[in-house]
Amino acid sequence: NRDTTGDFNFDYIIKAFVTEDKKETTTSSTPLIFDIDKVNLDRIYFVYTDDMIGTAATISLKHFDTRIKTFDLEKNMSFNLPNIAIDGLTAIVKQWAPSTASQAIQQSNFGITDSTASTLLPNLATENIDLKNILVKYQETTSGIDTKFDIKNLSATVEEIDLNKEIVRLNEVKLDQSDSYVVFNKTSKIERNKEPATAVNWIVSANKIQIDKTNLLYKDNNEARMKG
């Protein structure tokens, strides 16, 4: 939890263990190497509130399991998780405008301090994804976004994921029992920048798609309704 002054609610613990600065010596080191096989998480609950940058999140997880084939943090990083299973995930995220522009989210908020670092996205690989009982809600008050994705069963077999080439190729996707919406609530009109839009080059394909008992609502309250 962080308030509008930038102080976390655990800062007093850190200060209690602070010692006088000592002269640092420079030593060479090799990157950390992680050797992880099975990952099994049950009954996880996480709450984060940051009034300084205007973000709050509540996440609960009933079960998650996978096996990690590759976990490489060097260069642009590589991760290979052949099978991913998640059951009972609830994530509620809210964002609002920070009180001043200087408090807006910056790269440094995520520990990124080197602006010259590689812009390549991580290499991701997986084969089977199985999601059950997923509820995700996201609200952003500045732009009026209000979304909900309530999914009972979603599974996919993956052929390729390439974030840098903007390619996602799926073999089969099954969606059973979902109730979702994407709503843009009315907001005050703000003059938008007239800079050219960035081209979207994503290619997402699937050989087979099966959808049952699914509802989806899209509504933009800033646009006039079409007659007909």
Side-chain angles (χ1 to χ4, degrees), residues 1-3 6-14 16-17 32-73 77-96 105 109-112 121-141 145-158 161 163 168 170 172-183 210-217:
N1 192 334
R2 181 164 65 164
D3 59 25
D7 294 327
F8 287 95
N9 60 346
F10 54 81
D11 279 352
Y12 72 96
I13 299 176
I14 297 175
F17 292 92
L32 288 173
I33 298 175
F34 290 86
D35 185 6
I36 305 173
D37 184 12
K38 295 182 180 180
V39 176
N40 196 322
L41 303 177
D42 289 299
R43 296 185 296 277
I44 305 298
Y45 188 71
F46 174 80
V47 177
Y48 177 79
T49 303
D50 195 326
D51 290 323
M52 187 173 182
I53 63 174
T55 301
T58 300
I59 299 173
S60 63
L61 174 65
K62 180 181 177 182
H63 176 77
F64 167 81
D65 71 77
T66 187
R67 300 191 74 160
I68 300 176
K69 187 175 180 180
T70 303
F71 194 95
D72 187 352
L73 298 180
M77 301 185 289
S78 296
F79 307 99
N80 186 350
L81 290 70
N83 299 289
I84 299 173
I86 299 176
D87 186 3
L89 171 65
T90 299
I92 300 174
V93 180
K94 297 181 180 180
Q95 289 188 304
W96 58 92
I105 297 177
N109 295 127
F110 302 95
I112 302 173
L121 295 171
N123 296 320
L124 300 180
T126 188
E127 298 173 11
N128 300 289
I129 300 174
D130 187 15
L131 309 180
K132 297 181 183 296
N133 303 309
I134 307 298
L135 175 61
V136 177
K137 290 185 177 181
Y138 174 75
Q139 294 179 333
E140 204 280 312
T141 58
I145 296 176
D146 184 5
T147 65
K148 182 193 79 168
F149 299 93
D150 188 353
I151 300 170
K152 298 304 180 185
N153 296 282
L154 174 61
S155 62
T157 54
V158 182
I161 298 177
L163 301 182
V168 176
L170 306 175
E172 184 176 14
V173 178
K174 293 182 179 180
L175 175 61
D176 182 27
Q177 300 183 61
S178 72
D179 188 9
S180 306
Y181 61 74
V182 177
V183 176
Q210 180 178 324
I211 300 176
D212 293 308
K213 301 175 184 177
T214 291
N215 301 311
L216 174 62
L217 168 70

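All of these numbers come straight from a predicted model, not from anything done at the bench.
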Checklist entry - If you measure only the distance, is there a donor-acceptor pair under 3.5 Å linking the side chains of Asn123 and Ser78? => result yes
Item to check | Test item: Ile129 and Val158 side chains (from C-beta on) under 4.5 Å apart, heavy atoms | outcome: yes
Item to check | Nearest-0.5 Å distance, CG of residue Asp150 to CG of residue Asn215 | outcome: 10.5 Å
Checklist entry - Of the non-hydrogen atoms in Asp130 and Ser155, which two are nearest, and what is the gap between them? => result OD1-CB, 4.2 Å
Checklist entry - Do Asp51 and Trp96 have side-chain heavy atoms sitting under 4.5 Å apart? => result yes
Next on the checklist: Nearest 0.5 angstrom please: Ser60 OG to Ile92 CD1, how far?
Outcome noted: 8.0 Å
Item to check | Val183 and Thr147: CA distance, side-chain angles, deciding distance, side chain to side chain contact (heavy atoms under 4.5 Å, CB included) verdict | outcome: CA-CA 6 Å; Val183 176; Thr147 65; over 6 Å; no
Item to check | Point-to-point distance, once rounded to the nearest 0.5 Å, from CG of Leu89 to CZ of Phe64 | outcome: 10.5 Å
Checklist entry - Going by heavy atoms in the side chains, are Leu135 and Lys148 under 4.5 Å from each other? => result yes
Return all side-chain donor-acceptor pairs below 3.5 angstrom for residues 174-182, not counting sequence neighbours, or 'none' if the list is empty.
from, atom 1, to, atom 2, distance (Å)
Ser178, OG, Thr214, OG1, 3.2

Item to check | Leu163 to Pro122 - nearest heavy-atom pair and separation | outcome: CD1-O, 3.7 Å
Next on the checklist: Determine whether a donor-acceptor pair (N or O, by modelled atom type, separation under 3.5 Å) exists between the side chain of Thr126 and the backbone of Leu81.
Outcome noted: yes
Checklist entry - If we only count heavy atoms from C-beta on, is the Gln95 to Tyr138 side-chain gap below 4.5 Å? => result yes
Next on the checklist: Please evaluate residues Phe46 and Leu61 with respect to the criterion side chain to side chain contact (heavy atoms under 4.5 Å, CB included), reporting the C-alpha separation (whole Å), side-chain torsions for both, the decisive distance (0.1 Å), and the verdict.
Outcome noted: CA-CA 9 Å; Phe46 174 80; Leu61 174 65; over 6 Å; no
Item to check | Residue pair Leu131 / Ile151, side-chain heavy-atom distance below 4.5 Å | outcome: no
Checklist entry - Is Thr70 reaching over with its side chain to a backbone N or O of Phe79, donor-acceptor style, under 3.5 angstrom? => result no
Checklist entry - Is there a side-chain contact between Asn133 and Asn153 (heavy atoms, below 4.5 Å)? => result no
Checklist outcome for this item: Sorted by chain and residue number, the salt bridge (Lys or Arg N to Asp or Glu O under 4.0 Å) partners of Asp37 (sequence neighbours excluded) come out as Arg67
Checklist entry - Between OG1 of Thr66 and CD1 of Ile84, what distance do you get to the nearest 0.5 Å? => result 5.0 Å
Next on the checklist: Nearest 0.5 Å, please: how far is NZ in Lys62 from CZ in Arg43?
Outcome noted: 10.0 Å
Checklist entry - Does one side chain, of Asn40 or Asp65, offer a donor that lies under 3.5 Å from an acceptor on the other? => result no
Checklist entry - Atom NE2 of His63 and atom CG of Leu41: how far apart are they, to the nearest 0.5 Å? => result 8.5 Å
